[in-house]
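Naming convention: chains lettered A, B, ... in sequence-line order (proteins, then strands); numbering from 1 in each chain. Because the structure is predicted, anything quoted here is derived from the model rather than measured.
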Amino acid sequence: MASYNKRVHYKHPKRKINVGARPGSIIIPDDAQEPRIIIYSFNEDDLQTSKGKDMKTITQQIDKCKGHTHWIKINGLGDANLIEDIGTFLGINLLVLEDVVNTHQRPKFDEYEGYVFGTSRIIYFNKDNELINCQFSGLVKDNIIISFEESHFDYFEVVTTRLKAGKGVIRTAGPGYIFYALTDTILDNYFVLLSKIGDMIDETEDKLYKSPDKSIMFDAQQLKRTLIIIRRACWPERDKINDMIRSESSEITKDTKLFLRDAYDHCIQAMDMVESYKEVTSSIIDLYLSMVSNRMNEIMKVLTIISVIFIPLTFIAGIYGMNFSRQDDHGRIIKDNMPELYVNHGYVYALVGMFLIGAIQLFVFWRKGWFNKL
Amino acid sequence: MASYNKRVHYKHPKRKINVGARPGSIIIPDDAQEPRIIIYSFNEDDLQTSKGKDMKTITQQIDKCKGHTHWIKINGLGDANLIEDIGTFLGINLLVLEDVVNTHQRPKFDEYEGYVFGTSRIIYFNKDNELINCQFSGLVKDNIIISFEESHFDYFEVVTTRLKAGKGVIRTAGPGYIFYALTDTILDNYFVLLSKIGDMIDETEDKLYKSPDKSIMFDAQQLKRTLIIIRRACWPERDKINDMIRSESSEITKDTKLFLRDAYDHCIQAMDMVESYKEVTSSIIDLYLSMVSNRMNEIMKVLTIISVIFIPLTFIAGIYGMNFSRQDDHGRIIKDNMPELYVNHGYVYALVGMFLIGAIQLFVFWRKGWFNKL
Amino acid sequence: MASYNKRVHYKHPKRKINVGARPGSIIIPDDAQEPRIIIYSFNEDDLQTSKGKDMKTITQQIDKCKGHTHWIKINGLGDANLIEDIGTFLGINLLVLEDVVNTHQRPKFDEYEGYVFGTSRIIYFNKDNELINCQFSGLVKDNIIISFEESHFDYFEVVTTRLKAGKGVIRTAGPGYIFYALTDTILDNYFVLLSKIGDMIDETEDKLYKSPDKSIMFDAQQLKRTLIIIRRACWPERDKINDMIRSESSEITKDTKLFLRDAYDHCIQAMDMVESYKEVTSSIIDLYLSMVSNRMNEIMKVLTIISVIFIPLTFIAGIYGMNFSRQDDHGRIIKDNMPELYVNHGYVYALVGMFLIGAIQLFVFWRKGWFNKL
Amino acid sequence: MASYNKRVHYKHPKRKINVGARPGSIIIPDDAQEPRIIIYSFNEDDLQTSKGKDMKTITQQIDKCKGHTHWIKINGLGDANLIEDIGTFLGINLLVLEDVVNTHQRPKFDEYEGYVFGTSRIIYFNKDNELINCQFSGLVKDNIIISFEESHFDYFEVVTTRLKAGKGVIRTAGPGYIFYALTDTILDNYFVLLSKIGDMIDETEDKLYKSPDKSIMFDAQQLKRTLIIIRRACWPERDKINDMIRSESSEITKDTKLFLRDAYDHCIQAMDMVESYKEVTSSIIDLYLSMVSNRMNEIMKVLTIISVIFIPLTFIAGIYGMNFSRQDDHGRIIKDNMPELYVNHGYVYALVGMFLIGAIQLFVFWRKGWFNKL
Amino acid sequence: MASYNKRVHYKHPKRKINVGARPGSIIIPDDAQEPRIIIYSFNEDDLQTSKGKDMKTITQQIDKCKGHTHWIKINGLGDANLIEDIGTFLGINLLVLEDVVNTHQRPKFDEYEGYVFGTSRIIYFNKDNELINCQFSGLVKDNIIISFEESHFDYFEVVTTRLKAGKGVIRTAGPGYIFYALTDTILDNYFVLLSKIGDMIDETEDKLYKSPDKSIMFDAQQLKRTLIIIRRACWPERDKINDMIRSESSEITKDTKLFLRDAYDHCIQAMDMVESYKEVTSSIIDLYLSMVSNRMNEIMKVLTIISVIFIPLTFIAGIYGMNFSRQDDHGRIIKDNMPELYVNHGYVYALVGMFLIGAIQLFVFWRKGWFNKL
C-alpha cells in the first residue's frame, strides 16, 4: 500500500455565503461541475437507461415508462436552472433545493409532505491519494428517486451493476430501497476507508518500533484528522438512519427498514472503529514523543559524560603547561617552583594520574547508575 | 487577506453592577451610544421610512400608518428614558427592558403575555480587524417589531435592502418574519466569520509547514479564543431557535417556523465548523510544539557532538603543552621525560593521531544512529 | 486595583464531624462567632427595627407587631441554644437546624410542611484581599423570614437600605421576596467578584505580554482556583433557583417567581463568565509555558553556539602551544618538527585561519537557519 | 498528623473466580477471617447482647426474645456453612449470599420479596496508616438485620454505643433504621477521611511553597488515587441511598426516609469535596512540575552563562600560550612573530582586555534580559 | 506470572468488505477455520452427544431426540453452505447469518419473530500470551440453541462439564439458560483477564519503584490498550444483558432473567475495574515520565556543575601558560612582564588560589540550594 506521507487535503468547508439573502436561494459554487444526468427506469423485468440533458429529456423518459421506478442520477451541481426545474416539476421546497447545492450539509433525513430528502457525506481517497469529502443528497417522491452527487466520479458503480444484473429485491422494492442501497454503499466505503487507515496505522506503528523518525508525528496527526472527518460524517449518519427507521413516510417501506436496522449496526460499528483507531493513534503519538525524548536524553547524557571526564584532565594538563619557573642568571631553571615537572618520569606519573581520575569518574558515574537506560 | 497577528480584543463582559438594586432597573453603561431611530412602516405595496427622535415621533408614525407592519430599528442604547417610554407604551416588563440595556445576555427567546423577546450575539471583525461581540435584542408585539443594537454600525443593511426591494415574503409575513430575518443574517455572518477564520487557519498552517516561527503559537491561541467566543454565541442560539420553533405565540407564524427549521440546521452546521476548526487549531499547536522541540533537539545535538569531538583533542594538545622537562646544567633538554616530544616528526604523528580520534568518534556516533533525525 | 499576588486562602471545608452522632445534632464549630440579632418588622407604612438578644426578645417583637412581616437577621452562629429555641418556636426539623450550623452546605432549597429552607454561598474578597467563602441560610415560615450568616460582616446592607427606604415591592411582597432579594444580592456580588477577577486576568495577561515572570504561573493557578470556588457555588445555586421557581409553597408567590426567573438567567450568565474566564486563564498558562520554553531554548541555543565556535579555535591554539621541538646541542631549536611555528608571520596566518574557521561556522549555522527564532 | 509518605496500599480487587461455576456459589476467599457473631436483641426498654457461635445459637437468641428487634453483627466471612445456614433460615436467594462473600461489590440496594439487601464500602486508614477498602453488607427481613463486615475491626462502635445508651429513636425505629445508622456512620467516616486528606493536601501544599522536593509528586499521586477510591465508593452510594428513599419495602419506614434524605445530601457533599480536592491536587502537581522546570532552567542558564564567559577568555589565553617564535642562532627570540608578547606590560594589557571581554558579555546578556527570572 | 513485555497483538478488525453487495451475503473471511460441530441433546435425565458433519447429521440428531433441548456447538465459521443450511432449516433472516460470519460485531441482542440472536466478544490470552479477541454468537429458537465460535479453542469447557455433570438447573432450564451460561462464562473470563492485568499492573508498578527502565512506558501503553479492548467489549455487553432482561421473548424465561440481573452487576463491576485500572495505568505513566525527567535533570545538573567548576580554573591555568616574556640579549628572562610567574612559591599560591575558587563556587552553588533534589 502506498505510504501516507502526504498532507490530507482537508477542504475547509467554504460555502458561498450570501449574507441576508432570501432563504432558499440557489447559489451555485464557482467550482461546481456541469451536471451529467442518467435516468434508470426499471421494473422487475425491464431496465431502460437514458442520458438526460435537461428537464425536458427527463420528463420524456418518465412519461415513456409509466409504472416503472425512475432513478435520476445527477453527477455535478453546476446548473441552477436544472435544479430549479426539478424543484418545480416535483413540487420541492426551495429550502431543500438550497441544501442540495450548498454541499456542506451534515447527514440528515427530512420528511416533507409527499416526499423525503436525505444527505450523506461521500468520503474516499482519490487516485492521487487525496482525501475527498463531498456530498450526496437524495430525493424520493412517489416512484422517483433523484440522487445528486458533487463530482463526475462513478461512486455508485456497484449499485448500478446490481441494478443491471436485476437480482435480488433491488428492482422491485421501490425508490426508497434504492436510497437505502446508496446509503449502504457509502457506509461500506467507510469500512474500506477505515481498513485503509488501519493499514496506515499498522505501517506507522511498525515504523515506530523499527525506524522511528519525525514523519511519524505528521502521519499520526494526519490519521487523526482523517478519523475526525469520518467521525464527523458517521455520527449524524447514525441519527439519519435512525430517523429513517422511525419515519412514517410511505417512501420507506417496512422491508427497507429491516435493512436500515442492519445499516444502523454498521454505522455504530464504524464509529466504534473510528474511536478505537483514534485511541491507537494517540498512543502512537505518546510513545513516539516519549521515545524521542528518551533517545535525546540518552545522547545528551553520553555526550555530557564524555565532556565531564575530559574537562578535569584538560585542567591538569593546563596546570603543567603553566610557566611558573625561575631561572638563574645563566638561564638555568631552578627546580623548586613546580618541582613535579622536574621529577624523573614525572610525565608518566602525570599520565597515570589523569588516567586514574578519568577511571574514577567513570566508576562513580556507573555506580550512580547513570549508564542505565531509564 | 490581512494577517491575524493582532491580539483579539476580547472585551471581558463588564456589566455595570448595582448590587442589590431593585430588579428591573434601567442602568445605562457609561460608554453606551446615543440612540438613532429609524421606523419602517410597510405593507405589501407601501413602505414608509421615517427617522425617530423620541417616543412621540415613534407613536406619530405608528398612528399614521394603521394596519402596516412597523419595524422600529434602534441603534445605540444610551437613552434610559426612551427605553422606559417604549416599555410603558407597549406594556413591557421592566425585567425585559433591563435585559435590553444589560448587553451581556446569552442568546435567548422568552415569551410573555402578548409579546415575545429575544437576544442574539452580533460578532464581526470591524475595519480595524478587531473582533466585536455585541448584543442584538428584538421585541415583537402585535404588528410591531423593535430591534435594539448596541452600536451605530449598519449591520442589517442587507435586510433593509431586501425590505426596500419589496420582493419575497418579507413585506407580507409580519414582524415575526422580520425577527427571523435578522436572526438569520446574524447566523449568515457567523459563516462569514468562520470562513475568515478558515482562511486564517490555512495561513497559519501554511506558515507552520513553510516557515514556522513563534507567532504561530500566538495566532493559534487567538484563533482558539475567537472560536470559543463564536461557540459561546452559537450554542444558546440553537436553543433559542428551538424555543422559537416550539413557541405557540401568534407572533411566530407557521410559515416562519419552516424557515426557522432551516436556520436551526445552519446553527448546527456553524457549531460543527467551530468544533472542526478547534480540533485543527489544536493539532496545529501540537505539531508546532513538536517541531520546535525536534528542531531545538537537533541543534543542541549537533552542537554537543561538535564540542565532544574537540574536547578530547584539546586535552591531547594540552598534554603536549605541558612543561615536563629536564635540562642539564647547560640548559640542554634531556629527552627522557616526554620522549614523544623529541621524536622525529612527532608533531605529525600527533596530528594524525588526533585526526584519527576525531574520526573514530564520528564513526561511533554515526553507528549509534545519532545523526539520524528522530 | 490591588495586585493579586497573594495565595487565595481557600479554607478546606472542615466540618466538625461527630461520627455516628444522632442525626440532627446541633454541633457548633469552635470558631463560630456569637450571634447578633436584628429584627425588622414592617408593613407597607411602618418599619420597626429592634435588636434581639435571645428568643424571648424575638418573640416579644413578633407579638408586638402582629400582621407585620418579620425579618430576623442573625449574624453569627455561636449559640446552640438560640438555634434550638428558634427550631422549637417555629417547629423546625432538627435536620434543618443541623444544616444551619454545619456551614459547608451546597446551595439548596428544601420544602417542608409549613416552611421552606434554603442555603447559598456568600463569596467575597475581604479588606485584606482574602477570599471568604461562607454560608447564608434562610428560613421562611408564614410571615417570618430568618436569615443566618456566619460572620458579623454587614453583607446585606443594600437590602436593609432598600427596606428602610421603603420603595418598591420590598415592603409588601412578603418574606419570600426578602429571601429572593438576599439571594439576588448574593448573585450580584458574584458579578462584582467576577468583574474583579476579569481585571486580574487582564493584568495577568498584560504582564504576560509586557514583562512575563514566574508570578504569572502562580497568579493563573490562583485565578483558576477562585473560579472553581465560584463555579462550585454557582452550579447548585442554579438548581436551587429552579427548585424555587417550581416550588408550590405559598411562601414563594407568583410575583416573586417572575423575579426568580430573572435571577436564574443571571446565574447562567455568571456560570458562562466563569467558564469563559477559565478558558482564558488556561490559555494564559499555555502561552506562558510556551514562552518560557521558547525563551530558554533561545538562550541555550545562543550560549551553545558561542561555545561551539570557540571550542575548535581553542583546540588550534592548544596545538600551537604544544612543545614538540628539537634542540641541537647548543639549545638551538631545529625547525623541522613544527615548521609552521617558525614561518615568517606564522602567527598572523594562524589568527587569520582561526578567524576564518569561526566565520565559516557562523555562516553554516546561519545557513541552516539556526539563528531564526522558532 | 503523620506524614503521608507511604504508598497507598490499594488492593487491586482480586475475587476468587470460578469460571463457569454455578451462579450463586458461596466461594470463600482464602484470606477471609473466621466469623465473630454478636446478637443485639432490643426493644425500647430492653437490650440483650449475646455472642453467637453458629446458626443454632443465633436462632436460640431470636426465639428467646420474641417481639424484639435483632441485629446480628457478623465480623469475618470465613465460614461458608454459616452463611448458607443464614440463607436457608431466612430464605435468602443464593445470588445475594454470593454478593456477601464476594467482597468487591459496588454499593447497591436491592429489594427482594420479603427482604432488602444493601452493600457499602468501608474505607479508613488503619493504625499503620494503610488505606483499607473493604465491604459492608446488610440484610433486613422482618424484625432482623444482619450486618456482614470483612474484618474484626470494630468499625461500628459508635452505633453499638448509641444502642446501649438507648437514647433517641435507635431502639424503636426498627431494623431499617439500624441499616440507615450503619450507612450514615460509613458516610461520616468518609468525612473523617476527607478531612485527613484535606490536612495532607495542606501539608503537601505547604511543602510546595516552602521546601519543594520530589516527594511532592508521589504524595500528590497517592492523594489522587485515594480520592479516586473514595469517589468510586461515593458515586454508587448516592444511587443506593436514592434507591432506598424510593423503595417501597416496608423495611424502610417513612421516618427513616427523612433521615436518608439527609444522608443523601451528605453523600453529595462528600462527592463535592472529593472533586474539589482532586482539582487542588492537580493544580499542586502542575505548579510543582512548573517549579521544577523553572528551577532547572534557572540553574542550567546560570551555569551555561558562566561557561560561555570563560570560553573565549580561555581561547585568548590559549593564543598567547602558542609557541610561535623565531630564535636567532644564539637562541635569542626575534620579536617580530607575536609582537604583543614582547610589549612592555603586555601581560597587564591582556588581562585588562580579557576582563573587558567578560564584562561586555555580561552586559550584553544583562541587556537581553537573560538574568531576569522567567 | 510471565512478564508482559510483548506487544499486544491487537488485530485491527478487518472485515472482508464487498462494497455495495446485496445485504445478507454470507462472505467467509479467508482465514476462517472449517467448522467442527458437536450436538448436545439433553433433558433432565438424559444427555446424548454426537459429532455433526453437516446439516443432515444435525437434523438426524434433532429428530432422534424429540422433546430434548439441543445445543448445536459450532467451532469454526469456514463453511458458507452449512450456515446457509442452518438459516434455511430454522428460518433465520439472512442479515442475522451475515452477522454470524462477519466476526466484528459489537455485543448485541436482537429479537426476531420466533427466535433471538446475540453476540459477545471472547477475549483471552492464548498460550503464546497473545491477546485474542474473537466473536461468539448464539441463536435460540424453540428448544434449540446454536452457538458459533470463531476458533477451535474449547473456550466453554466449563459449561459442557457442568452439562455433563447434570447438576443444577442447567439441564432443565431450557436453551435460553444455556445462552445465559455461555454469556456468564465470557464475563467470568473478563475477570480472569482483569485479574491477570491487575498482576501485570502490580509488576509494572513494582518495577517503577524498584528499577525503572523504559520498558515501563511500553508496558503501560500495552496495558492501556488491552483495557480499552476489554472496555469496548464490556460496555455494549451491559446493554445487551439489559436488553435480554427487558426482552419479552419466551426464549428468555423469568428464572433466567434473575440470573441475568446478577450478570448485569458483574458486567458493571468489570467496567468499574477497567476504569480503575486505566487510572492506575495513567498514573504509572505520569510518575514514570516525571521520574525520568527528574533523574535526567539531576544528572545534567551534576555534570554541568562539574564542568563549570573546572572551566574558570582551566582559564587561570591558561593565563599562566601564556608566553608573555621579555628576554635580554643573553636570553635571560626579564621578570617584569608576568611577575607572578617568578615569585617564590608562586606555583603553590596559584594552586591554592584555584582550589579556593573551586571551593567558593561549590559553596555558592550549595547555598543556592542547587544540590537539593527537587
What option among A/I316, A/V348, A/N93, A/V302 has the most heavy-atom pairs under 4.5 Å with chain B? A/V302

Please classify the contact between [X] and chain A as side chain, backbone, both or neither, with a heavy-atom cut-off of under 4.5 Å.
| X | value |
| --- | --- |
| B/S290 | side chain |
| B/I305 | both |
| B/E157 | neither |
| B/I186 | neither |

Side chain / backbone / both / neither for [X] at chain B, heavy atoms under 4.5 Å:
| X | result |
| --- | --- |
| A/I228 | side chain |
| A/K224 | neither |
| A/I216 | neither |
| A/M322 | backbone |

Quick check: do [X] and [Y] have side-chain heavy atoms less than 4.5 Å from each other?
| X | Y | value |
| --- | --- | --- |
| B/N294 | A/M217 | no |
| B/L287 | A/F218 | yes |
| B/F365 | A/I299 | no |
| A/Y320 | B/I319 | no |
| B/D265 | A/D110 | yes |

A/R232 vs B/E279, test: salt bridge (Lys or Arg N to Asp or Glu O under 4.0 Å). Steps then yes/no. CA-CA 12 Å; A/R232 190 143 293 140; B/E279 297 204 51; 3.2 Å; yes

Which heavy atom of [X] sits nearest a heavy atom of [Y], and at what distance?
| X | Y | value |
| --- | --- | --- |
| A/R295 | B/G369 | NH2-O, 2.6 Å |
| A/H104 | B/Q269 | O-NE2, 3.0 Å |
| B/G318 | A/A317 | C-CB, 3.6 Å |
| A/L303 | B/V308 | O-CG2, 3.4 Å |

Once ring-ring contact (aromatic ring centres under 6.0 Å, His included) is applied, do any residues pair with A/F355, and if so which ones, sequence neighbours excluded?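 Partners of A/F355 under the ring-ring contact (aromatic ring centres under 6.0 Å, His included) test: none.
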
Who passes ring-ring contact (aromatic ring centres under 6.0 Å, His included) against A/Y349, sequence neighbours left out? none

Interatomic distance, [X] atom [atom1] to [Y] atom [atom2] [nearest 0.5 angstrom]:
| X | Y | atom1 | atom2 | answer |
| --- | --- | --- | --- | --- |
| B/N323 | A/Y347 | CG | OH | 12.5 Å |
| A/I285 | B/D286 | CD1 | CG | 7.5 Å |
| A/I306 | B/I309 | CD1 | CD1 | 9.5 Å |

Considering only heavy atoms and a distance below 4.5 Å, find which of B/D272, B/V159, B/I311 pairs most often with chain A.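 Max contact count across the listed options: B/D272.
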
Is a side-chain donor or acceptor of B/D262 paired with a backbone partner of A/L95 at a separation under 3.5 angstrom? no

Any sub-3.5 Å donor-acceptor pair from B/N297's side-chain atoms to A/M296's backbone N or O? no

Could you walk me through whether A/E111 and B/R261 satisfy the salt bridge (Lys or Arg N to Asp or Glu O under 4.0 Å) test, starting with their C-alpha distance in whole Å, then the side-chain angles of each, then the deciding distance to 0.1 Å, before giving a yes or no? CA-CA 12 Å; A/E111 294 174 68; B/R261 207 158 291 137; over 6 Å; no

Taking the basic N atoms (NZ, or NE/NH1/NH2) and the acidic carboxylate oxygens, is any pair closer than 4.0 Å for B/E275 and A/R231? no

